[in-house]
Structures are given as C-alpha cells and as structure tokens.
Protein chains: 2
Amino acid sequence: MIQPSACPSGDEKVQLFALLLETNARLARQLGLELEAACGMPLAWFEVLLQLRQAPEGRLKMNQVADAIVHSTGGTTRLVDRLEVAGLVERRSCPNDRRATYVAITPAGDTRLDHALAVHLDYLERHLGARLSGGERETLAALLEKINTAP
Amino acid sequence: MIQPSACPSGDEKVQLFALLLETNARLARQLGLELEAACGMPLAWFEVLLQLRQAPEGRLKMNQVADAIVHSTGGTTRLVDRLEVAGLVERRSCPNDRRATYVAITPAGDTRLDHALAVHLDYLERHLGARLSGGERETLAALLEKINTAP
DNA sequence: GACAAGTTATTGTAGAAGCAAGTATACTCG
DNA sequence: CGAGTATACTTGCTTCTACAATAACTTGTC
C-alpha cells in the first residue's frame, strides 16, 4: 500500500475510476489515430455514423445524436455540419415537429462506415479480442451496463 | 437483433467498445461538472494532482505526467502552466538531466486535492458504490487492467 | 572529444468542444 | 384563444488540446 489509510487517494474506488479513465483514453486515442490514418475519419465521425446505422431507419434527431455520443447540443450541431459537408450525413426536416431535425446517414456515409468498421474490427481484435475471452467481454459489458443505468 | 449478420455494426466487440466509450464519457462529464461546481477545479487538474500525490515524493517528470493522464506533451505543458499559475503545482529542475523538469504538488495543491477528493469520493459512492458490489468492482478493475496492459 | 542520433520540454497554429444567449416552434392552462 | 413555459437547434465566444516545428540537452560511437 502506497498511502496510509488516512489518505483517501489510495481508495479502491478512486483507483477504479482512474483506471477506467485511463483505459478509455488510451483505447480512444489509439483507435482515433488508426481510423484517421486508414480512413481519414475522426473517431467522433465514426461514433455518429455507427449510432445512425444502429438506429431504426438510419436516422436520429439532433438531440438523440448528442445524447448517444455524450456531446453538448452545440458541439453536435457543428459535428453534424462537418459530416454533412463531407456528404456522409444529411439533415431532414421532421414533419411532426418543425423544431426538430433528423440526421440521416447517406449511402456515401454507409460506404465510409463499412470501411471504418473494418479498421475498427481489426483494432478490436488486437486489443479486446486478444486480451479478453468471450466470457470476460460479456462480464465487462454487463458491469458497464450497470454503471450506465440512469440514476 | 437489429442488424443482419452481414452488417458488423452489431458485433459484440463493437458494442462493448461503444459502451466503454459512453460509460466513460458520462462519468467523466458528470464528475467534471460536480468538481467544477464544488471546487472550481477542472477534471484534468484533479487527474494531475492525484497522479502527483500517488507518485513517490509527490512529483513526476513532465513526460510521466503526460503519459499518466494520456495527454500529448504539448497539452501537458500548458496544463501544468495553468496549474502552476494557480499555485497547486511547481516546476523543479532535475539535477541529473537538465532537459527534464519535475512537476511537484505544492502544499496548496495538497489542500485543494483533499477537498476535491471529498467531492470525488461522494460522487463515486453514488455512482460506483451504489451500483456495483465490492466484488464487481474488483472484477471490473481486473478486466480493465487486462485491457490496459501494453501490447 | 566531437558528431550523429535520440530524448525532453516548449511554442505557434489550428481545430474541436462547451457554455450561454438567441431564435423558432410546440405545449399548457386559464 | 393567448400568455407563459418548455423544447430543439444554432451561433458567438472562450478554452482546451493536438500536431508539428524548435530549442536544449544527453547518449552512443568512432
């Protein structure tokens, strides 16, 4: 034990949190670099496209995108702007609610996402697949889900 | 299953990765807000101070700080600049290697860190403590360690 | 000892994200 | 119906971070 018990910086939860932060940062950084190098696509773009593909009809409202990727709405507006300029995504008006706008993945976006997914899967195989068994990955997913449940 | 098997976006590892990203982003954002509100301290400052306290003699070299918090060295230079202006940290020359500079936590930094840790522990109790058992936290930590091991 | 190659930190510049304010649309209730 | 409130997005501004180039120093080799 590095720190005496009077000092809470050695607390088990503190360590766990720090570990989570670090693991995530390393994975995200590495994947981001590989994605950028291989596809010219920032990780944030990939996240958006993936969320759109998984959504019913391949589209989400702006605020749903923001929530899914945990960005502010302002940041999401600009992010979608860039994706739209790149032609990977398009805005569509929402007939029921004229305040809202849908973000839909385009065919070009679909193609680019396939390419990015190939890179991503290769990356995951090397990092998650090689280091964790299938059972371990399931366990990890279950634990993260538990943390992620709304308060 | 939402997507047919031909589409790898539903792949188990892809989902796991997305979940990791999301969980981390939510926790970091929430903690960052609470820390900022209660202590006027950004999460990045907290991370640096915590790493310094845990280091032997309460100091690290710049590049060790950068690695520990997963920042670029350029970004770390500026981050330490701000911490130094705030008086929470100080730079010290390294006698053995005059290229390197130590970053050491100051008494003021120690005090602020204690305050921030109180907020942090309260936060962790609510989010990790309440949602995961001690055994689950251990398991999670072990799995993250496995991922985190260098290639 | 001196040159080459590698390491460590800083700086210039650009891009991305957040917050807060602003605009437009929808909902609620008297 | 109309005033007031809530929601959805955008925009202005600021801050933070990364990348690349640079400067200072160390190490290895001849």
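If you're wondering where the values come from, they're calculated on a predicted model, not measured in any experiment. Protein chains get the first letters and strands the later ones, always in sequence-line order, with residue 1 at the start of each.
- For A/Asn63, no side-chain nitrogen or oxygen approaches OP1 or OP2 of D/dT7 to under 4.0 Å.
- A residue-by-residue look at A/Ser72 and A/Pro95 shows that A/Ser72 has its nearest nucleotide of DNA chain C further toward the 5' end.
- One interatomic measurement links the two molecules: CG of A/Asp81 to C1' of C/dA16, which rounds to 12 Å at whole-angstrom precision.
- In this structure, CG in A/Leu124 is found 8.0 Å from CG in B/Leu16, a value given to the nearest 0.5 Å.
- The distance between atom CG of A/Asn96 and atom P of D/dC9, rounded to the nearest whole Å, is 13 Å.
- The shortest non-hydrogen separation linking A/Leu49 to A/Leu113 is O-CD2, 3.6 Å.
- In this structure, B/Arg91 does not reach the C/dT8 phosphate: none of its side-chain N or O atoms is under 4.0 Å from OP1 or OP2.
- As a whole-Å value, the separation of A/Asp67 CG from D/dC9 C1' is 15 Å.
- Atom pair B/Arg26:CZ and C/dG18:P shows a separation of 12 Å (rounding to whole Å applied).
- Atom C1' of nucleotide C/dG15 and atom CD of A/Glu36 are separated by 11 Å, given to the nearest angstrom.
- One interatomic measurement links the two molecules: NE2 of A/His71 to C1' of C/dG15, which rounds to 13 Å at whole-angstrom precision.
- At D/dC25, one or more side-chain N or O atoms of B/Arg98 fall inside 4.0 Å of OP1 or OP2 (strictly under the cut-off).
- In this model, the phosphate group of C/dC27 is not approached by any side-chain N or O of A/Arg99 to a distance below 4.0 Å at OP1 or OP2.
- Among D/dA8, C/dA17, D/dC16, the nucleotide with an atom closest to any side-chain atom of A/Asp97 is D/dA8.
- Put simply, CZ on A/Arg82 is 14 Å from C1' on D/dT10, counting in whole angstrom units.
- Taking side-chain N and O atoms only, A/Arg29 has a distance below 4.0 Å to OP1 or OP2 of D/dA18.
- Counting any heavy atom pair closer than 4.0 Å across all strands shown, A/Arg78 reaches a base atom.
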>> Applying ring-ring contact (aromatic ring centres under 6.0 Å, His included) to B/His120 and A/Phe17, what does each step give before you reach the verdict?
In response: CA-CA 10 Å; B/His120 185 50; A/Phe17 188 87; 5.0 Å; yes
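- Across every non-hydrogen atom of B/Gln30 and B/Tyr123, the tightest pair is CB-OH, 3.5 Å.
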> Do B/Glu34 and B/Arg126 pass the side-chain contact (heavy atoms from CB on, under 4.5 Å) test, and can you show the C-alpha distance, the side-chain angles, and the key distance before you say yes or no?
Replying inline: CA-CA 12 Å; B/Glu34 292 193 21; B/Arg126 275 178 287 126; 2.7 Å; yes
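- In this structure, A/Leu43 reaches neither bases nor backbone, as no heavy-atom distance under 4.0 Å exists between it and the strands shown.
- Straight-line distance from the CD atom of B/Gln64 to the C1' atom of C/dA9: 13 Å, rounded to whole Å.
- At a threshold of 4.0 angstrom between heavy atoms, the contacts of B/Thr77 include nucleobase atoms, whether or not backbone atoms are also involved.
- When the nearest nucleotides of DNA chain D are assigned to A/Leu33 and A/Thr101 by heavy-atom distance, the more 5′-ward of the two goes with A/Thr101.
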